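Notes for the one structure printed next.
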Amino acid sequence: MSPLDLVLLLLVLGLGGALLFRRKGEAQGAQEAKELLEAARKEAREILEAARKEAKALREEAEARAQALRQELEKELRERASALEAEGKKRLLEAEERLKADREELKAERERLKALQEELKAERERLKEEREELRREAERLSKRGEALDARALKLDALEEALSQREEALRAREARLEEREREVEARLHQVAGLSPEEARRLILERLDQELEEEKAQRVRAALERARLEARREAQKILAQAMQRQASETAAQLAVSVVPIPSDAMKGRIIGREGRNIRTFEALTGVDLIIDDTPEAVLLSSFNPVRREIARMALEELLKDGRIHPSRIEEVVEKAKQEMKTFIYERGEEAALEAGVVGLKPGLIQLLGRLHFRSSYGQNVLKHSVQVAHLTGIMAAELGLDAALARRAGLLHDIGKSVDREVEGSHVEIGVALARRFGEPKEVVDAIAHHHDPENAETVYAVLVAAADALSAARPGARRESLEEYLQRLEALERIALSFPGVETAFAVQAGREVRVIVKPDKVTDAKATLLAREIANRIEREMNYPGQVQVTVVRETRAVEYAR
């Protein structure tokens with residue numbers, strides 16, 4: 001029995017005694033109750049003492065058992081810890097070995113990846129160079145294709161002349177064979193040479209004669225073909241160019257507007273700059289007011305906006321009232337007048353080119369070309385010139401001249417909106433021509449005026465030729481000084497790379513190369529072949545407008561001294 005149970009029992013006995021005492025009544029007296037209470041307390045103390053001793057014995061026994069159990073557990077834990085530590089060290093060593101192997105493998109993989117990256121980088125550079133080389137080769141082939149079409153006609157005439165020459169050469173060979181037999185017989189009679197020795201001497205002499213004659217015949221044939229081609233080209237171009245003359249205008253990004261006096265500059269600026277801010281916001285043009293006397297500058301790369309700003313500013317200066325609401329009114333009026341001006345330019349161009357039946361929207365787009373330039377050449381004037389040249393060449397070939405002029409006039413129509421619409425001017429031009437219902441010949445000419453080899457109609461070829469003539473004529477387009485000097489240096493460098501060349505000069509703005517050769521190393525016959533080789537190399541390696549004439553000069557000097 002636990003001590004708590006004993007205490008509870010004593011309390012119950014005490015309560016029971018009290019109740020019993022109360023039931024017997026108070027008559028029994030306080031003495032009896034005290035005795036009973038004292039007896040109960042004594043018995044409770046005895047029971048409590050016995051319970052304490054029993055609890056102490058139980059606690060000591062429990063502590064001994066707990067100590068033994070703790071020692072047993074500590075021993076087992078030490079054994080398990082030793083086993084786990086040994087197992088952990090073993091696994092750690094194995095993990096370190098695997099990690100070391102993984103590190104070596106990763107290092108090797110990094111080396112392989114680095115090598116692959118270097119190889120990929122080199123491959124990209126090589127592909128980039130090949131792509132650039134292919135692009136340059138495509139440009140050279142495109143330009144050579146244009147020249148090949150013109151040369152085809154010359155080759156036909158040259159082939160006929162060569163066939164005649166071939167017949168003459170066969171006859172001459174027959175005569176030479178007969179003469180060779182006569183000479184051989186005579187040599188046998190006179191010199192007493194063996195047939196082998198005589199044959200060798202004759203063949204050496206014939207080789208020298210034929211080499212010289214071959215060079216002379218090639219030079220004569222080339223000269224005749226060149227003269228015939230030049231005569232025919234002069235005939236066609238003379239008819240085209242005698243009626244066509246176009247000025248070359250260089251479009252600038254700045255327009256100068258004169259003002260009555262410098263006091264007007266303050267009115268243009270306005271209070272706290274509100275007038276000039278309003279003007280620039282509405283027109284999209286920078287209004288520059290500097291120290292230039294009696295003038296202000298309008299700066300913008302968009303020529304249409306710049307022209308609208310110029311018209312509006314001149315109207316404001318003429319009226320004298322300059323404030324934001326008036327500026328807005330005048331700018332809106334200038335925009336409407338610009339639409340009318342553009343339409344009038346388009347009508348004038350169509351009338352000048354002899355093209356009728358264009359839809360109003362197409363005429364409006366055509367008029368926008370008045371404010372577009374390419375290498376300093378006004379695109380609208382260039383289009384009109386191409387229309388004239390195409391029409392004249394079509395008439396000479398017996399084709400529809402009106403349709404040819406229409407194709408020539410509209411070949412660059414895509415440049416009117418190429419700043420607002422995505423795509424090249426060729427793609428935009430084709431889409432516009434189809435949208436306005438232009439004939440398929442016109443659409444084909446617009447689509448292939450830069451690559452006539454893929455054209456479906458002959459009109460595209462004529463437009464490409466007229467486009468090249470208009471762009472390549474002297475003064476039509478500007479070229480930067482640096483590019484011009486590089487082109488001249490490249491021409492001279494190519495000419496000097498051939499053996500036997502003493503010096504070379506690029507003259508006539510790079511349209512002719514004069515090559516001075518050493519007379520002791522280059523004969524008259526080889527000079528003709530040298531000129532052709534230089535011309536072929538220039539065609540392969542350079543980009544240039546028009547054509548380049550190669551002139552080889554060989555001078556023979558005889559020097560003697562009188563003593």
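Just so it is clear, the model here is predicted, and its values are computed rather than measured.
Of the possible donor and acceptor atoms, none in the side chain of Asp444 sits under 3.5 Å from a partner among the backbone N and O of Lys440. Of the possible polar contacts, one joining the His388 side chain to the Glu352 backbone as a donor-acceptor pair under 3.5 Å is found. Not one N or O on the side chain of Asn378 forms a donor-acceptor pair closer than 3.5 Å with the backbone of Phe371.
Salt-bridge formation is not detected for the pair Arg406/Glu441: no Lys NZ or Arg NE/NH1/NH2 atom is positioned less than 4.0 Å from an Asp or Glu carboxylate oxygen. The pair Arg175-Glu178 fails the salt-bridge criterion, with no side-chain N (NZ, NE, NH1 or NH2) lying under 4.0 Å from an Asp/Glu carboxylate O. Electrostatic pairing of Lys121 and Glu125 does not count as a salt bridge here, judged by no charged N lying under 4.0 Å from a carboxylate O. For Arg537 and Glu541, the salt-bridge test passes: some basic side-chain N is under 4.0 Å from an acidic carboxylate O.
Looking at heavy atoms from C-beta onward, Asp400 lies in side-chain contact with Tyr459 at the 4.5 angstrom threshold. Side chains of Val517 and Val553 form no contact here, defined as non-hydrogen atoms less than 4.5 Å apart. Looking at Glu492 and Thr503, their side chains never come closer than 4.5 Å, going by heavy atoms from C-beta outward. Between Val522 and Val501, the closest side-chain pair of non-hydrogen atoms is not below 4.5 Å. Counting only heavy atoms from C-beta outward, the side chains of Ile534 and Val515 approach each other to under 4.5 Å. Between Arg514 and Glu512 there is a side-chain heavy-atom pair separated by less than 4.5 Å. Counting heavy atoms from C-beta outward, Ile288 and Leu298 have side chains that stay 4.5 Å or more apart. Under the 4.5 Å side-chain criterion, counting only non-hydrogen atoms from C-beta, Gln364 is in contact with Ile342.
His448 pairs by the ring pair (Phe, Tyr, Trp, His ring centres under 6.0 Å) definition with nothing, not counting sequence neighbours. Applying the salt bridge (Lys or Arg N to Asp or Glu O under 4.0 Å) rule to Glu167 yields the partners Arg170; only residues at least two apart in sequence or on another chain are considered. A search for side-chain contact (heavy atoms from CB on, under 4.5 Å) contacts involving Ala464 returns Pro452, not counting sequence neighbours.
Atom CD of Gln385 is separated from atom CG of Asp467 by 10.0 Å, given to the nearest 0.5 angstrom. We find the CD-CG distance between Glu456 and Asn454 to be 9.5 Å, quoted to the nearest 0.5 Å. Once rounded to the nearest 0.5 Å, the distance linking NE2 of His370 with OG of Ser416 reads 14.5 Å. Taking CD1 from Ile308 and CG from Leu313, the interatomic distance works out to 13.5 Å, rounded to the nearest 0.5 Å. Annotation: the span from His425 atom NE2 to Ile446 atom CD1 amounts to 9.5 Å, rounded to 0.5 Å. The CD atom of Glu533 lies 8.0 Å from the CG atom of Asn536; values are rounded to the nearest 0.5 Å.
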- Task: Could you give me the CA-CA distance, side-chain angles and deciding distance for Lys114 and Glu118, then say whether salt bridge (charged side-chain N to carboxylate O under 4.0 Å, His left out) is met?
- Result: CA-CA 6 Å; Lys114 186 177 180 181; Glu118 294 294 332; over 6 Å; no
- Message: Working note: Arg345 + Arg368, criterion side-chain contact (heavy atoms from CB on, under 4.5 Å); need CA distance, chi angles, decisive distance, verdict.
- Response: CA-CA 8 Å; Arg345 297 290 79 74; Arg368 288 173 63 93; over 6 Å; no
- Item | CA sep, side-chain torsions, deciding dist, call: Lys128, Glu132, salt bridge (charged side-chain N to carboxylate O under 4.0 Å, His left out) | CA-CA 6 Å; Lys128 183 177 179 182; Glu132 185 66 22; over 6 Å; no
- Go through Thr390 and Arg405 one step at a time and tell me if the side-chain contact (heavy atoms from CB on, under 4.5 Å) criterion holds. CA-CA 6 Å; Thr390 308; Arg405 288 195 299 270; 5.9 Å; no
- Task: Starting from the C-alpha separation in whole Å, work towards a yes-or-no answer on side-chain contact (heavy atoms from CB on, under 4.5 Å) for Leu462 and Leu399.
- Result: CA-CA 11 Å; Leu462 295 180; Leu399 302 174; 3.8 Å; yes
- Item | side-chain contact (heavy atoms from CB on, under 4.5 Å) between Ile413 and Leu362, intermediate numbers included | CA-CA 8 Å; Ile413 193 66; Leu362 206 55; 4.3 Å; yes
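Here the closest non-hydrogen pair linking Ala401 and Ala395 is CB-CB, 4.3 Å. Counting all heavy atoms, side chain and backbone alike, Leu358 lies closest to Ala350 at CD1-CB, 4.0 Å. Of all non-hydrogen atoms in Arg310 and Val257, the two that sit nearest each other are CG-CG2, 3.8 Å. When all heavy atoms of Ala506 and Leu488 are compared, the pair lying nearest together is CB-CD2, 3.9 Å. For the residue pair Ala295 and Val256, the shortest heavy atom distance occurs at CB-CG1, 3.9 Å. Shown here for Gly346 and Leu366, the closest heavy-atom pair between the two residues is O-CD2, 3.8 Å.
At most 12 heavy atoms of other shown residues, nucleotides or ligands fall within 6.0 angstrom of atom CZ in Arg305. Under a cut-off of 6.0 angstrom, the local environment of CZ in Arg135 is crowded, with over 12 non-hydrogen atoms contributed by other residues, nucleotides or ligands. When the shell of 6.0 Å around CZ of Arg136 is examined, it contains more than 12 heavy atoms from other residues, nucleotides or ligands.
Side-chain N/O atoms of Ser383 and Asp412 include no donor and acceptor closer than 3.5 Å. Under 3.5 Å, the side chains of Arg554 and Thr523 contain no donor-acceptor pair of N or O atoms.
Between His449 and His411, the ring planes lie perpendicular to each other; the angle is over 60°, past the 30° to 60° tilted range.
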